[in-house]
Amino acid sequence: MHDYLAIQPEVQAALKAGRPVVALESTLISHGLPSPTNVETALAIEATVRERGAVPATIAVLDGRIRVGLDQEDIARLAESGRGKGGIRKVSRRDLPLVLAQGADGATTVAATMIAADLAGIAVFATGGIGGVHRGVETTLDISADLEELATTSVAVVCAGAKAILDLPKTLEYLETKGVPVIGFGTDRFPAFYATAMGLPVDARCDTAAEVARVLHAKWRLNLDGGVLVAVPIPEAAALDAQVVEDAVRQAVAQANDRDIKGKDLTPFLLRRLEELTGGASLAANRALLLNNAAVAADVAAAYTRLRVETALPRRPPSSKRPLY
Ligand code: PSU
Ligand code: MN
């Protein structure tokens, strides 16, 4: 085992046997959701992945090692450090070498979780929302490292689209420039996290996990390194009113500007304000879409695993970035 990477034995065994594994991120535990919803939700996501016949691998940095697959104690440790002030570090691509060198703990963003999943050989990853191009990018240049990671790292990211705290048209433009296919799962329109329809088209619609698996197969068979974004609409019953969300977003963005909140603190600040502004409603919606995405990701992982066996492909998608170990 590499000094910097520790894969949980259950996850390692599943990968070795070619069974489906779903990677899960930890920034949503430490910075995205309030306590105690965060622990409960993280465990419920893992349970959903298991119910659908896949092995969950929640990813974080603990004591200076990238850990792929966590136990309940680890998850509690990530959760209790809480959001904001002096809490656990939010780790994206830039931060990984820093926390590893310091022997510190960190919650991994979509970008850092993709890197870890790729190192471990996990092809499918479930989360809530990805980072993207922020509103006001013209003056701030704030573009999440998640987008650049999707451009280069060969992992499929199953999400509920992106939150309207972002500039969604610009986020999709960026993904197009970087060659990242955006699939609508059972939809022709890019979902906007809490709200289902925002009118922006996706690149392709897939109605089954098997169809998604064929896209992954085609992309990586051609050595077109990079991710695929699978956007799953929030279940209808859990969706919030689009106008209510938009009003809350405008308020939250204005407050962030007033208080000069930027950089890695911006996304957690906006998420927290949005939650306060919409009342508990946004939390319930968040939980519902996370579980839904986990189920879809487990199905995609199973379908992709089957396809690779049928076509005698190696278990892992190709990647030029894996270290030699
Ligand atoms: N969007 C959400 N919930 C989240 C995040 C984004 O709706 O919890 C987290 C994810 O971990 C994502 C990160 O990778 O925020 C993006 O942060 P930044 O914009 O600083 O790259
Ligand atoms: Mn940013």
Side-chain angles (χ1 to χ4, degrees), residues 23-35 37-38 41-42 45 58-61 78-79 82-84 87-96 106-117 125-137 139-151 153 155 157-168 170-171 174-175 190-195 227 229 231-232 234 240 245 248-249 252-253 256-257 260-275 278 282-283 285-290 292-294:
L24 301 163
E25 62 144 311
S26 46
T27 290
L28 80 92
I29 303 173
S30 299
H31 303 276
L33 295 169
S35 177
T37 309
N38 51 3
T41 303
I45 293 170
T58 303
I59 291 171
V61 178
L78 289 162
R83 301 194 280 196
I88 194 165
R89 187 168 181 148
K90 174 178 156 189
V91 173
S92 198
R93 166 177 276 266
R94 170 193 65 178
D95 313 282
L96 260 183
T108 50
T109 63
V110 168
T113 305
M114 287 180 76
I115 292 169
F125 163 23
T127 185
I130 59 160
V133 178
H134 277 271
R135 295 185 184 199
V137 65
T139 49
T140 62
L141 212 66
D142 191 345
I143 301 171
S144 173
D146 291 354
L147 297 185
E148 197 57 40
E149 209 58 55
L150 279 161
T153 298
V155 172
V157 179
V158 179
C159 66
K163 276 206 183 89
I165 57 173
L166 303 171
D167 186 322
L168 298 183
K170 288 193 180 69
T171 298
Y174 195 97
L175 291 169
F190 188 65
F193 203 82
Y194 295 126
L229 195 65
V232 187
I234 184 172
L240 303 185
V245 174
V249 166
V253 169
N257 285 336
D260 200 28
I261 290 164
K262 51 189 180 233
K264 67 194 286 192
D265 298 329
L266 181 59
T267 296
F269 173 83
L270 293 174
L271 296 179
R272 194 164 57 241
R273 281 305 290 143
L274 211 55
E275 198 182 289
T278 60
S282 72
L283 256 191
N286 214 336
R287 186 178 187 282
L289 68 86
L290 281 164
N292 192 47
N293 295 347

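Quick note: residue numbers are just sequence positions, from 1. Each ligand, and each atom within it, is numbered from 1 in the order the structure gives. Treat the numbers as computed from the prediction; the structure is a model and nothing was measured.
Atom 9 (C) of ligand 1 has as its closest protein heavy atom Thr27 CG2, 4.0 Å. For atom 16 (C) of ligand 1, the closest non-hydrogen atom on the protein side is Asp146 OD2, 3.7 Å. Protein heavy atom closest to atom 15 (O) of ligand 1, with residue, atom name and distance, is Thr267 CG2, 3.5 Å.
Atom OD1 is the N, O or S atom of Asp142 at the shortest distance from the Mn ion (ligand 2).
No side-chain donor-acceptor contact under 3.5 Å links Asn293 to the backbone of Ala126.
In Thr109, the parts holding a heavy atom less than 4.0 Å from any atom of ligand 1 are both the side chain and the backbone. When heavy-atom distances to ligand 1 are checked against a 4.0 Å cut-off, Thr127 has no atom that comes that close, whether in backbone or side chain. Using a 4.0 Å cut-off between heavy atoms, Lys90 contacts ligand 1 through its side chain alone, with no backbone atom that close. Residue-level proximity to ligand 1 for Val110 is carried by backbone and side chain together, each with a heavy atom below 4.0 angstrom.
The ligand atoms of ligand 1 that sit less than 4.0 angstrom from a heavy atom of His134 are 19 (O). The distance from ligand 1 to the heavy atoms of Phe193 drops below 4.0 Å at these ligand atoms: 7 (O). Atoms of ligand 1 lying under 4.0 Å from any heavy atom of Ser144, numbered from 1 in the order shown and given with element: 18 (P), 19 (O), 21 (O).
Taking only non-hydrogen atoms, the option from Lys264, Lys163, Arg93 nearest to atom 2 (C) of ligand 1 is Lys163. The closest heavy-atom contact to atom 5 (C) of ligand 1, among the options Gly161, Ala111, Gly129, comes from Gly129. Counting only non-hydrogen atoms, the option in Ile165, Leu28, Leu271 that gets closest to atom 4 (C) of ligand 1 is Leu271.
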Between Ile234 and Asn292, does a side-chain contact (heavy atoms from CB on, under 4.5 Å) hold up when you go through it step by step?
CA-CA 7 Å; Ile234 184 172; Asn292 192 47; over 6 Å; no
Set out, in order, the CA-CA distance, both residues' side-chain angles and the distance that settles side-chain contact (heavy atoms from CB on, under 4.5 Å) for Leu271 and His31, then state yes or no.
CA-CA 9 Å; Leu271 296 179; His31 303 276; over 6 Å; no
Could you please spell out the steps behind the side-chain contact (heavy atoms from CB on, under 4.5 Å) verdict for Leu270 and His134?
CA-CA 11 Å; Leu270 293 174; His134 277 271; 4.2 Å; yes
Go through the steps for Thr127 and Thr113 under the test side-chain contact (heavy atoms from CB on, under 4.5 Å), then give the verdict.
CA-CA 10 Å; Thr127 185; Thr113 305; over 6 Å; no
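Residues Ala160 and Leu289 come closest through the heavy atom pair CB-CD1, 3.7 Å. Residues Ser26 and Thr108 come closest through the heavy atom pair OG-N, 2.8 Å. Between Ala285 and Tyr194, the closest heavy-atom pair is CB-CD2, 3.8 Å. Among all heavy-atom pairs drawn from Ser30 and Leu78, the shortest one is OG-O, 2.7 Å.
Of the candidates Leu147, Asp167, Val137, Leu147 is the only one forming a side-chain contact (heavy atoms from CB on, under 4.5 Å) with Tyr174.
Checking only distances, Glu25 does come within under 3.5 Å of ligand 1, N or O to N or O.
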